Amino acid sequence: MKHWPLYDLRLRTPRLELRLPTLAELDDLADVAVAGIHDPALMPFGFAWTNAEPAELARSVAQFQWRAISQWSPECWSLPLTVFLDGAPIGVQGLDASDFAIKREISSGSWLGRSFQGRGFGTEMRAALLHLAFEGLGALTALSGAHTDNPASIGVSRRLGYLPDGVTHKVVRGARVEELRFTIDRPGWDGHRTVDVSVEGLGPCLELFGLGEGR
Amino acid sequence: MRHWPLYGLRLRTPRLELRLPTMDELDELADVADAGLHDPGLMPFARPWSLSPTLGRDILQRHLGNQGTWRPDDWKFNLVAFLDGRPVGTQGIWAEHFAVVREVASGSWLGREFQGRGLGTEMRAALLHLAFEGLGADSAVTGSHPDNPSSIGVTLKLGYRPNGVTYAELQGRKVEELRYRLDRDAWAAHRSVPVELEGLTPEALRLFGA
């Protein structure tokens with residue numbers, strides 16, 4: 001897309017492609033969310049968006065995408081990349097930052113359809129995003145967080161070289177929940193790279209990430 | 001798009017189709033805006049958004065933002081007008097608490113090269129058909145600066161009546177805005193453009209709070 005080059009940004013790992021979705025793909029992504037992301041007894045997200053009834057949940061997946069693009073500014077951005085396996089959406093890997101040009105720090109969040117979990121895709125997704133952040137955008141640090149009852153997310157963070165970075169507490173569905181924070185710096189990332197990642201179409205997007213000429 | 005019921009909604013007039021655009025069509029719409037919307041010496045809009053150096057990007061962001069923040073009690077529906085399958089402009093319609101107030105407001109723009117051919121009248125007629133016939137509105141309002149005779153012409157032709165004036169700041173100057181209102185009876189009495197409406201499903205009506 002001429003006016004929004006982020007739609008031409010692509011990350012590839014051995015099994016996955018990460019990019020922004022078309023409208024038809026957004027429909028399919030919403031179906032994946034409606035089919036289920038986690039055990040209903042648990043709530044891995046800080047905002048319990050997966051509690052909604054199916055039609056509303058599907059709409060919220062699309063609206064989340066649209067808000068991210070519409071509220072984007074080079075000083076404060078959030079990029080929810082759709083994760084594709086064999087051309088079909090299976091989840092979302094998001095990264096976001098504020099004042100990235102100065103702080104050089106990103107944080108990330110993700111979800112993966114339940115039927116696609118347990119096969120290492122979460123690690124590939126996160127590895128792709130770290131490659132974009134450190135190699136593509138010149139990040140110095142990346143942050144992540146997971147509730148204590150989300151071993152899959154914690155496993156991905158540990159495997160890729162993140163280090164513990166304290167705890168914080170949140171209210172989720174009316175209860176106090178502990179969130180473990182993790183951080184990784186450039187040497188830590190470089191020392192744990194195991195997934196091959198390629199990036200395409202980044203050049204025209206640099207300005208949108210706050211890295212344009214004159215910045 | 002299955003999960004956003006408004007993608008199936010279509011309005012047809014003798015020369016135009018109004019509907020939501022695909023991402024590629026949104027890109028083309030941004031090109032139309034880049035090609036120019038008005039005499040640079042005038043500013044027909046309440047905010048000078050058409051002078052932005054990133055106009056194409058802004059249009060795309062605003063369009064997606066309307067959908068991203070949509071709520072049944074506070075929505076802005078930004079229809080794109082297509083002539084022979086190509087985007088030529090947008091016709092927006094918005095309302096707060098429509099279920100109770102039953103009133104819509106509207107605003108529009110048309111690429112400069114498509115102006116002066118009566119397309120603005122067809123766009124507004126399509127929107128009024130959606131509002132009164134489709135959503136069950138009781139009234140529609142709009143406004144124009146006094147130096148925008150083409151917008152005022154469309155408004156008067158379709159039966160709106162003057163509804164007072166208001167003042168605002170625009171580019172550091174005080175500007176007058178002429179307000180207009182159209183009720184259901186006046187709309188019915190001034191219908192001259194045939195409009196077809198398709199795809200206003202129960203799911204779509206719920207999104208409008210109608």
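All values reported here derive from a predicted model rather than from experimental measurement. Residue numbers start from 1 in every chain, and the chains themselves are labelled A, B, ... in the order their sequence lines are given, proteins ahead of strands. Below, each value reflects all heavy atoms present in this structure, side chains not excepted, and no hydrogens, waters or symmetry copies.
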**Report entry** Close side-chain approach of A:Gln63 to B:Trp4, heavy-atom, < 4.5 Å
**Finding:** yes
Query raised in the report: Are the side chain of B:Gln61 and the backbone N or O of A:Trp72 linked by a donor-acceptor pair below 3.5 Å?
Result: yes
Requested in this report: Working to the nearest 0.5 Å, report the span between CD of B:Gln67 and OG of A:Ser70.
Outcome: 10.0 Å
Query raised in the report: Salt-bridged, A:Arg59 to B:Glu203, with N to O below 4.0 Å?
Result: no
Report task. Enter the distance from B:Leu26:CG to A:Lys2:NZ here, rounded to the nearest 0.5 Å. Result -> 13.0 Å
Query - Where A:Asp31 and B:His3 come nearest, the two heavy atoms and their spacing - result: OD1-NE2, 2.7 Å
**Report entry** Derivation of the side-chain contact (heavy atoms from CB on, under 4.5 Å) call for A:His3 and B:Asp34
**Finding:** CA-CA 10 Å; A:His3 292 282; B:Asp34 271 347; 3.0 Å; yes
Report task. Among B:Leu207, B:Asp31, B:Asn66, single out the residue with the greatest number of heavy-atom pairs under 4.5 Å to chain A. Result -> B:Asp31
Report task. Among A:Leu20, A:Thr22, A:Leu23, find the one that has a side chain to side chain contact (heavy atoms under 4.5 Å, CB included) with B:Met23. Result -> A:Leu23
**Report entry** Basic-acidic side-chain contact under 4.0 Å: A:Asp28, B:Arg2
**Finding:** yes
Query raised in the report: For A:Tyr7, is it the side chain, the backbone, both or neither that has a heavy atom under 4.5 Å from a heavy atom of chain B?
Result: side chain
Query raised in the report: Can you say whether the rings of A:Trp66 and B:Tyr7 are parallel (under 30°), tilted (30 to 60°) or perpendicular (over 60°)?
Result: tilted
Query raised in the report: For A:Leu208 and B:Arg57, what are the C-alpha separation, side-chain angles and deciding distance, and is it a side-chain contact (heavy atoms from CB on, under 4.5 Å)?
Result: CA-CA 11 Å; A:Leu208 285 169; B:Arg57 186 187 296 173; 3.5 Å; yes
